[in-house]
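Predicted, not measured: the structure shown is a model, and the values here were computed from it.
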Amino acid sequence: MLNKVRVRFAPSPTGGLHLGGVRTVLYNYLFAKKHGGDFIVRIEDTDQSRFVPGAEQYIFDCLKWCNLEPDESPVHGGNYGPYRQSERKAIYLPYAEKLIEEGFAYYAFDTPEELEQMRIDEKTAENLSPQYDNSIRRKMKNSLTLSAEKTRQLLNAGTAHVIRIKMPEHETISFTDLVHGEVSFDSSLVDDKVLIKADGMPTYHMAVVVDDYLMQITHAFRGEEWLSSAPVHILLWKYLFGLNSMPQWAHLPLILGPNGKLSKRDGAKFGFPVYAMNWTDPRNNEFTEGFKEKGFLPEAFINLLAMLGWNSGSEQEIFSLEEMIDAFSIDRIHKSGARFDYEKATWFNQEWIRKIPVAQLTTTVKPLLEAAGCTITDDNRLTSIVQLVKDRCSLLPDFEKQAGYFYLSPVKWEREAVLPKWTSEKPEFFEQFCKNLATIGNWNFIEIETVFKNLSTEMNIKPGELQLPLRVMLVGGKYGPAVFDIAYWIGKEETIARIQKALPIFKA
RNA sequence: GCCGCGUUGGUCAAGGGGUUAAGACGCCUCCCUUUCACGGAGGAAUCACGGGUUCGAAUCCCGUACGUGGUACCA
């Protein structure tokens with residue numbers, strides 16, 4: 001590659017950041033870093049009616065959480081700004097006017113009502129959604145059908161108008177997509193897309209081309225939903241800047257939900273997140289859950305996303321960001337959409353909980369436990385506890401159950417779990433056990449176990465029949481690591497206290 | 001409807017003319033553990049369909065079906 005690699009993620013700040021969006025960011029980022037290039041975030045806020053306050057900040061918060069920081073953006077700065085299209089409004093019109101001069105575009109004065117009427121009038125069984133294309137445009141009110149004088153008149157009078165591209169007739173437009181290979185379209189089947197809207201803002205089509213050129217983008221990754229409008233972009237590049245400077249396109253496969261395209265509805269319906277972080281729409285207070293708050297580690301989140309539509313060709317599935325950068329290549333991106341599997345997603349998280357350094361894990365788990373009511377005064381003790389239980393957790397909130405009882409005495413017990421084996425000599429055992437525990441000088445799990453085993457031998461009760469009741473008394477249920485480890489970390493007094501507190505409830 | 005893109009177990013996928021068609025998630029059985037996990041050993045389950053081309057097709061070609069995206073002064 002001759003030029004420095006420059007890629008961009010271009011979201012419109014209209015709501016939460018979707019799984020697919022984050023994956024697009026990730027592939028951009030991986031490719032840029034792999035080739036020593038720049039990753040740019042450009043905000044595509046050309047639709048003022050869809051502007052949502054806070055959405056832009058939210059996007060940057062998500063990128064930060066994922067550790068996918070841009071090199072250039074409205075908040076990170078850069079030499080190709082401004083990075084918000086709304087702030088670039090004045091840039092686009094001259095290019096559109098140039099297209100008109102050269103006969104590649106035209107003014108159109110049709111009102112929204114007239115367009116709607118056209119769609120009704122022209123609709124037939126063979127043409128369910130009529131487009132403003134080469135067959136229709138000669139029936140409409142535009143600078144192609146109006147005299148030059150009339151057009152000038154309308155323009156001077158400030159008549160509302162748009163600028164549309166004039167799609168050529170029967171021309172095959174083809175290009176090589178980095179993911180799909182050769183793709184071609186018949187130009188007469190593509191409509192005359194609006195380039196500049198009546199409010200003077202460019203549409204996406206105009207803005208991507210001009211901005212990608214001005215920002216010297218070399219590779220353009222975007223979702224496959226854009227593939228159908230690629231011919232418009234190709235033509236614009238050809239007319240405006242020449243095909244030689246056009247970025248290489250890579251249309252990424254879609255991420256699908258349990259049935260069809262993945263939507264935030266699916267998340268609500270099936271109980272998994274689809275946004276990177278929690279998002280509340282300020283317009284209607286509609287809340288959508290995020291992976292972060294659901295208890296995913298960012299390392300796991302980007303890892304699982306990377307594997308949805310790409311793989312390294314090896315059997316490796318767990319990748320750190322650095323490993324992904326190293327292994328990434330566009331030619332191993334799949335052509336077909338991938339269905340998102342929440343079970344597998346949680347497996348990735350489980351793997352990452354085990355993989356990241358325990359100190360780092362502890363830092364993220366601590367506030368969770370505190371929020372659940374645990375008072376944590378000794379970080380070293382917490383670290384040991386996290387180490388002890390982390391194999392049992394696949395989502396961060398699992399730590400509340402698996403580590404909470406080290407701080408909070410159980411308030412209810414799974415009596416049913418022990419009742420079947422709860423014979424009359426058991427209470428006797430535990431009362432004596434408490435007395436014996438009290439005599440232990442050096443409180444460690446070997447001592448505790450020894451005392452336990454000795455007494456069970458003495459009373460002729462199988463230790464196995466005693467362990468489960470002990471566990472339930474200490475933690476409240478059938479879970480957690482080895483019982484004697486638990487007793488050790490709870491401490492002598494607390495262990496005895498918990499047994500004595502639970503005993504009457506089991507007797508009843 | 002029209003146009004584009006796609007189709008390997010339930011899901012993610014390797015493989016791209018000759019393979020017993022990898023591996024992972026999930027599921028099932030067993031071992032370990034008298035908790036739950038982790039770990040270990042097994043198991044069930046796949047090339048959408050129909051035609052070609054070829055000695056030979058999951059792999060190449062053509063149809064069909066299905067899925068998916070687009071068909072806005074939204075991105």
Strand contacts (RNA chain B) in [range], 4.0 angstrom heavy-atom criterion:
| range | result |
| --- | --- |
| residues 89-97 of chain A | none |
| residues 169-184 of chain A | A:His180, A:Val183, A:Ser184 |
| residues 469-481 of chain A | A:Arg471, A:Lys478, A:Tyr479, A:Gly480, A:Pro481 |

Can you tabulate the close N/O pairs, meaning under 3.5 Å, that link protein atoms to atoms of nucleotides 41-48 of chain B?
none

In whole Å, measure the gap between the [atom1] atoms of [N] and [M] for me.
| N | M | atom1 | answer |
| --- | --- | --- | --- |
| B:G26 | B:A44 | C1' | 13 Å |
| B:U11 | B:C73 | C1' | 41 Å |
| B:C62 | B:A14 | P | 23 Å |
| B:C30 | B:U35 | P | 15 Å |
| B:C38 | B:A21 | C1' | 31 Å |
| B:A37 | B:G1 | P | 49 Å |
| B:C5 | B:G15 | C1' | 23 Å |
| B:C12 | B:U64 | P | 26 Å |

OP1 or OP2 of [N] sitting under 4.0 Å from any side-chain N/O of [X]?
| X | N | result |
| --- | --- | --- |
| A:Asn311 | B:C12 | no |
| A:Ser129 | B:C2 | no |
| A:Arg392 | B:G39 | no |

Rounded distance (Å) that lies between atom [atom2] of [N] and atom [atom1] of [X]:
| X | N | atom1 | atom2 | result |
| --- | --- | --- | --- | --- |
| A:Asp199 | B:A72 | CG | C1' | 14 Å |
| A:Ile136 | B:A72 | CD1 | C1' | 15 Å |
| A:Asp485 | B:U33 | CG | P | 16 Å |
| A:Ile196 | B:C73 | CD1 | C1' | 11 Å |
| A:Asp391 | B:U35 | CG | C1' | 15 Å |
| A:Leu189 | B:G69 | CG | P | 20 Å |
| A:Gln85 | B:A75 | CD | C1' | 10 Å |
| A:Tyr405 | B:U35 | OH | C1' | 10 Å |

- Message: Could you work out, with ring-ring contact (aromatic ring centres under 6.0 Å, His included) as the rule, every residue matching A:Phe301, not counting sequence neighbours?
- Response: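 So A:Phe301 forms a ring-ring contact (aromatic ring centres under 6.0 Å, His included) with A:Trp65, A:Phe291.
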- Contacts of type ring-ring contact (aromatic ring centres under 6.0 Å, His included), residue A:Phe109, not counting sequence neighbours: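 For A:Phe109, the residues satisfying ring-ring contact (aromatic ring centres under 6.0 Å, His included) (neighbours in sequence not counted) are A:His161.
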When we call it a touch if two heavy atoms are under 4.0 Å apart, what does [X] touch: a base, just sugar-phosphate, or nothing?
| X | answer |
| --- | --- |
| A:Val162 | base |
| A:His251 | nothing |
| A:Asp110 | base |
| A:Thr346 | nothing |
| A:Ser12 | sugar-phosphate |
| A:Ala198 | base |
| A:Ala482 | base |
| A:Arg332 | sugar-phosphate |
| A:Leu115 | base |

Please tabulate, for side-chain N and O atoms in residues 401-408 of chain A, each donor-acceptor pair with protein atoms closer than 3.5 Å (sequence neighbours left out).
from, atom 1, to, atom 2, distance (Å)
A:Tyr405, OH, A:Gln402, O, 3.0

Determine all donor-acceptor pairs shorter than 3.5 Å in which one atom belongs to a side chain in residues 166-175 of chain A; sequence neighbours excluded.
from, atom 1, to, atom 2, distance (Å)
A:His170, ND1, A:Ser188, OG, 3.2

- Query: Taking for each residue the nucleotide of RNA chain B bearing the nearest heavy atom, is the 5' side occupied by A:Pro463 or by A:Ala125?
  - Reply: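 With A:Pro463 and A:Ala125 compared, the 5'-side residue is A:Ala125.
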- Item | Residue closer to the 5' end of RNA chain B, A:His334 versus A:Ala160 (nearest nucleotide) |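 Its nucleotide being nearer the 5' end, the pick is A:His334.
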Produce the list of close N/O pairs, under 3.5 Å, pairing protein atoms with atoms of nucleotides 22-30 of chain B; give distances to one decimal.
from, atom 1, to, atom 2, distance (Å)
B:A24, O4', A:Glu317, OE1, 3.1
B:A24, O2', A:Glu317, OE1, 2.5
B:A24, O2', A:Lys344, NZ, 2.9
B:A24, N3, A:Lys344, NZ, 3.0
B:C25, O2', A:Lys344, N, 3.4

Every protein N/O within reach of nucleotides 63-67 of chain B N/O, cut-off under 3.5 Å:
none

- Message: Can you list every stem that RNA chain B is part of, counting only runs of 3 or more consecutive Watson-Crick or G-U wobble pairs with both distances under 3.5 Å?
- Response: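 Only these stems qualify: B:1-7 with B:65-71, B:10-12 with B:23-25, B:27-31 with B:39-43, B:48-52 with B:60-64.
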- Query: Does the distance from a Lys or Arg side-chain N to an Asp or Glu carboxylate O, for A:Asp191 and A:Arg164, drop under 4.0 Å?
  - Reply: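 The answer is no: the pair does not qualify as a salt bridge.
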- Task: Evaluate the salt bridge (charged side-chain N to carboxylate O under 4.0 Å, His left out) criterion for residues A:Glu225 and A:Lys261: first the C-alpha distance (whole Å), next the side-chain angles of each, then the deciding distance (0.1 Å), finally the verdict.
- Result: CA-CA 11 Å; A:Glu225 68 268 27; A:Lys261 193 191 178 190; 6.0 Å; no
Show me the donor-acceptor pairs within less than 3.5 Å that the side chains of residues 476-487 of chain A make with the rest of the protein, sequence neighbours left out.
from, atom 1, to, atom 2, distance (Å)
A:Tyr479, OH, A:Val475, O, 3.4

- Message: Looking only at side-chain N and O atoms, does A:Tyr92 offer a donor or acceptor that is under 3.5 Å from a partner on A:Asp211?
- Response: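 A:Tyr92 and A:Asp211 do have a side-chain donor-acceptor pair below 3.5 Å.
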